[in-house]
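Throughout, a chain's letter reflects where its sequence line sits, starting with A, and its residues are numbered from 1.
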Amino acid sequence: MSTFSTLIVGGLATGAIYAVVAIGFALLWQASQTINFAQGEFVMLPAFFALIAMGMGAPYWLAALVTIGMSVVILGAMFKQMLVDPMIKHGVLPMAIATMALAIFMKESVKDLYSAEAYPFPSLVPDRNLAILGANISLQHIGIIVTAIGAIIGLTLLLERTSIGRQMQATAQNPTVARLLGIPVERMILLTFVINAVLVSIASLLVTPIYLAKFSSGETLGLAAFIAAIIGGFNQLRGAIIGGFLLGVVDNLAAAYISTQYRSAVPLFILIAVILFRPHGIAGRKEERTV
Amino acid sequence: MSEPVLALENVTAGYGRMTILNGTTFSVPRGGITTVIGPNGAGKSTVFKTIFGMLPARAGRIGFEGRDITNLPPRDLLAAGICYIPQGRNIFPQLSVRHNIELGAVTAARRLDDLPRRIERAFERFPALREKASVQASTLSGGQQKQLEIARGLLLDPKLILIDEPSIGLSPKLVQETFAALQELRAAGVTILLIEQNARSALEISDHALVLELGQARIFGPAKEILHDPRVAELFLGGLAHD
């Protein structure tokens, strides 16, 4: 029983990170029909921003702020202006393929310009175990869950409770009408990219202490976030959250109780099952889009 | 005729290489309902899009209350007092009805301290919307969605409303309700420019009519006269002779 709780908490921690990355993924899709296959690399890169900042002597908190700032500029604004805007005119598929190219470019750049090694990365919360009701719970996992849920709640409040958030939703749901009402559609789309950049840098700071900073570490994460977004329902943030947590927990349980060898196949099995039986995802709905 | 509220002079516009409006010239007097009629492809909707800055005017001038508004963005046109309700569904399906309406004032929200009162007035005009204020707009019926769009458009007290095919897909009863709402607005002094597939019913409540053909304004006159003009009836009103 105690192992089980440990596994669940570990799974929720992984799932929380998947959820944060999947939300960003779904946001980009909703706002601009961008399917970002470089989303995993978007999580890999900020850790290196932080390593560079800390290498220059910055304390952790400052390095974290610099990381988020650089991500906003490079993975938010520059990504949109230099890749998405020129490519989206050619359609969703060329755009998606361009992001695959970007993923390769980012991996190779980190390998060539920084290093091909894996680097340890400091954790926001010390890696200690707490004994709660006989179960061994990692404090780091709790820290990840709390931070990720905090980010998700913050984002939800922004989207639901503020006028800017509702303008962003309006832009995603019906850009033509949003424009008619004088909503600055372009600025709202840019804001979505900025939010995605913040989300991936938070995910990066949370996940890298566990998996180390390495040029290739985005591969599995990007795929997991993509699958999480699909099984939850591509067009609903709620879906990305459910999908993320579900995938994290199932993944962890499968590794422990079935086989570590087949661990990476489990998300794909879930994906196939969802596509067969609930093609719009667990929380998704049919696309109603006026393009 | 007093100074027109809206005047188009030699306006040219189109999509890509296709020119739809080819030197369109007409003016709309202040107050009253003006119905635009014409065959499919005459450029009726294109005129509205061009006036509202959704399609660039390649040449010509569009004036509103004597001021040049050619190619101004929607934001400035809303501020000037123009509102455009396109055909089809123009709502944000997953936002609540109240939030949908509120977005009508996005360009002016900062200086509107009476926004709640304005929304209250919208609910008074369309009580069905009040009952559904906090549910997703996608749950509204077709007619209620149109009401929502009109309510949203009225939030900034426009002086001129461009409304394209408001009755499409609505039951006869809802069409009547929508037309009644337009008549109320006219009584309040708003100028309405209306495109309507159901041209005959539209002309019956209209003051003026504009006949558009191949992107050119052919006839402008009192709605009653045009309604009974045999040529117009034969060509654009779906064959009066068969009734």
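With a threshold of 4.5 angstrom between heavy atoms, E149(B) does not approach chain A through any atom at all. Of the two parts of I91(B), only the backbone, made up of N, CA, C and O, holds a non-hydrogen atom closer than 4.5 Å to a non-hydrogen atom of chain A. In this structure, the portion of L78(B) lying under 4.5 Å from any heavy atom of chain A is its side chain and not its backbone.
For the set R75(B), E102(B), H99(B), R152(B), the count of heavy-atom pairs under 4.5 angstrom toward chain A peaks at H99(B).
Between R121(B) and D157(B) there is a salt bridge, since a side-chain N of the basic residue sits under 4.0 Å from a carboxylate O of the acidic one.
When all heavy atoms are compared, the tightest approach of I62(B) to V11(B) is CG1-CG2, 3.8 Å.
The number of heavy-atom neighbours closer than 6.0 Å to CE of M100(A), taken from other residues, nucleotides and ligands shown, is above 12.
Defined by atom type and a distance below 3.5 Å, a donor-acceptor pair is present between the side-chain atoms of D68(B) and T70(B).
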